[in-house]
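This report refers to the structure that appears directly beneath it.
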Amino acid sequence: MPPIFALVDCNNFYASCERVFNPRLEGKPIVVLSNNDGCVVARSNEAKALGIAMGVPEFQIRPLLRAHQVQVFSSNYTLYGDMSQRVMETLEQFCPDLEIYSIDEAFLSLSGFTSRNFTEYGRTIRTTVKRWTGLPVSVGIAETKTLAKIANRVAKRTPDTNGVFDLLACSDRNALGRVPVEDVWGIGRNLTRLLNQHGIMTALQLREVDDPWIRKHLGIVGLRLVMELRGVSCLDLEECPAPKQSLTCSRAFGQLISTLPNMEEAISSYTSRVAEKLRRERLAATVLTVCLTTNEFKEGPHYSNALTLKLPVATDSTSDLIRSALKGIRAIYRDGYHYKKAGVILTGLVAASQAQADLFDYQDRRKSKRLMSALDAINGRWGADTLHYASSGIRKAWKTQFQHRSPAYTTDWAALPIVTA
DNA sequence: TCTGGGGTCCTAGGACCC
DNA sequence: TCTGGGGTCCTAGGACCC
């Protein structure tokens, strides 16, 4: 039985999440900004129509935003994460064979559904997700993941598809001929330049290039991609995500940091965040990297550096990780710079349950485990950072800024939306 | 004044081993 | 002049994704 994939993708996900709880925004241009309200990371269709590009710094388009009364939001990851979960739970009802590919999209395997009318089924999925979550989605259906991505793109851009497009039910030459090569999944900026230089402008042209050329210029990944365009499925549905290989917390500061004590606070705070993620994934780390950098967009003296430390034992304890992170940051911190950003990266991850004990490890591991459980439980119940390490600081002048954040409508009783007649 | 964050995979080259 | 063959592991860098 040939594989059949559906790609379900939320339209303008972050912007749509904001609209669900604020219906007055219907039909109005919306943008959602990155951390520190720096760049545009999501746009409603109306905002796209104004020519607002993805990733553009907010300050560069401020007059445009004002002139068109664009509604501006800071990122509200708590809200988006919760809405994502609701969408995925809805999709699971339609198809248990599901790969959650990102916060706003999932691949479904429809291979067992051969007797169905896929377009109809896609419509049912779409209307149900809309009814249950308030979010609009598009559905693309095809024989491979890469083609399903393309089908989804067609569904999004062609109004008379009603948000569902089945590539199996039409001439794919026709569809692929209209897709520029840069819109193919796996073709980024650099490969686009290379392909264009060789006169390859569309997905259809890319599909017809011979294998040795692809192998030579695009490597094994490119060859797989081209096979997928030809309808040969090379990328399977991955229902159980592989365990993480790295975890990062890196952030630009709300205010530049110019003293070591402030940098230590920030690093300590970021380490706490990444340690929480580590425990949520039930992993322990054996390697820790700290990094810091000045503002690369600015004139003036630049400095950026990173240091990787091998941890004495695999650990998921915030105390252990902060100790190493501070040691690292003190080693690479240089006076006389204004720092813009820092980060903590954990690698060499192993399952927490089978973390190798060290012969000379004199700490009481059970005690530390109970402490971390209590810490996570309290912060889970009463809100992030209710309980935190003193080394993370109190005032936190460097904290990330969110000037336009909407309430956590779905995850905080105090922020429940109120409906009035 | 103001420019995000968090991931993955592949490849080439060097060190080292038999 | 002429300098094997094959394997593994690690790292840095480059490509991509959302």
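FYI, side chains are in, hydrogens and waters are out, and symmetry mates aren't considered; it's all heavy atoms of this structure. Reminder, nothing fancy here: chain letters follow the sequence lines and each chain counts from 1.
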Practice item. Check every strand shown and say whether Arg193(A) touches a base, only sugar-phosphate, or nothing at a heavy-atom separation below 4.0 Å. Key: nothing

Check your understanding: For Asp104(A) and dG5(B), what is the distance between atoms CG and C1' respectively, to the nearest whole Å?
Key -> 15 Å

**Study point:** Nucleic acid contacts of residues 229-254 of chain A, taken as heavy-atom distances under 4.0 Å to DNA chain B
**Key:** Lys244(A), Gln245(A), Ser246(A), Leu247(A), Thr248(A), Cys249(A), Ser250(A), Arg251(A), Ala252(A)

Revision key, fill the gap. Separation of dC2(B) atom P from Lys341(A) atom NZ, nearest Å, is 16 Å

Check your understanding: Reading DNA chain C 5' to 3', how would its secondary structure be written in dot-bracket notation, given Watson-Crick and G-U pairs with both distances under 3.5 Å, brackets [ ] for crossing pairs and | for partners on other strands?
Key -> ....||||||||||||||

Check your understanding: Regarding Lys145(A) and the six-membered ring of Phe107(A), is the cationic atom NZ or CZ under 6.0 Å from the ring centre and inside 45° of its axis?
Key -> yes

Practice item. Please determine, for the side chain of Lys277(A), which listed nucleotide (dT11(B), dG6(B), dG4(B)) has the closest atom? Key: dG6(B)

Practice item. Grab the CD1-P distance between Ile61(A) and dG4(B) for me, whole Å please. Key: 14 Å

Review point. For dT1(B), does OP1 or OP2 lie under 4.0 Å from any side-chain N or O of Lys340(A)?
Key: no

Review point. Which of residues 85-103 of chain A sit near DNA chain C, with a heavy atom under 4.0 Å from it?
Key: Tyr101(A), Ser102(A)

Check your understanding: Which nucleotide in the set dC18(C), dG4(B), dC10(B) lies at the smallest distance from any side-chain heavy atom of Val221(A)?
Key -> dC10(B)

Exercise for review: Please state how far atom CG in Leu195(A) lies from atom C1' in dC16(C), giving the value in whole angstrom units.
Suggested key: 13 Å

Review point. Looking at dC2(B), dC9(B), dC18(C), which one has an atom nearest to any side-chain atom of Lys149(A)?
Key: dC18(C)

Study note, to complete from the structure: Rounded to whole Å, CH2 of Trp398(A) lies from C1' of dG4(B) at a distance of 17 Å

Check your understanding: Between Phe113(A) and Phe118(A), does the ring centroid distance fall short of 6.0 Å?
Key -> no

Check your understanding: Could you state the CG-P distance from Asp37(A) to dG5(B), rounded to the nearest angstrom?
Key -> 12 Å

Review point. In whole angstroms, how far is the P atom of dG13(C) from the CG atom of Asn190(A)?
Key: 16 Å

**Study point:** Gap between atoms CE and P, on Met54(A) and dC18(C) respectively (whole Å)
**Key:** 10 Å

Exercise for review: With P as the reference atom in both, quote the distance from dC18(C) to dT3(B) in angstrom, rounded to an integer.
Suggested key: 25 Å

Review point. Within the structure shown, what part of the strands sits under 4.0 Å from Val184(A) by heavy-atom distance: base, sugar-phosphate, or nothing?
Key: sugar-phosphate

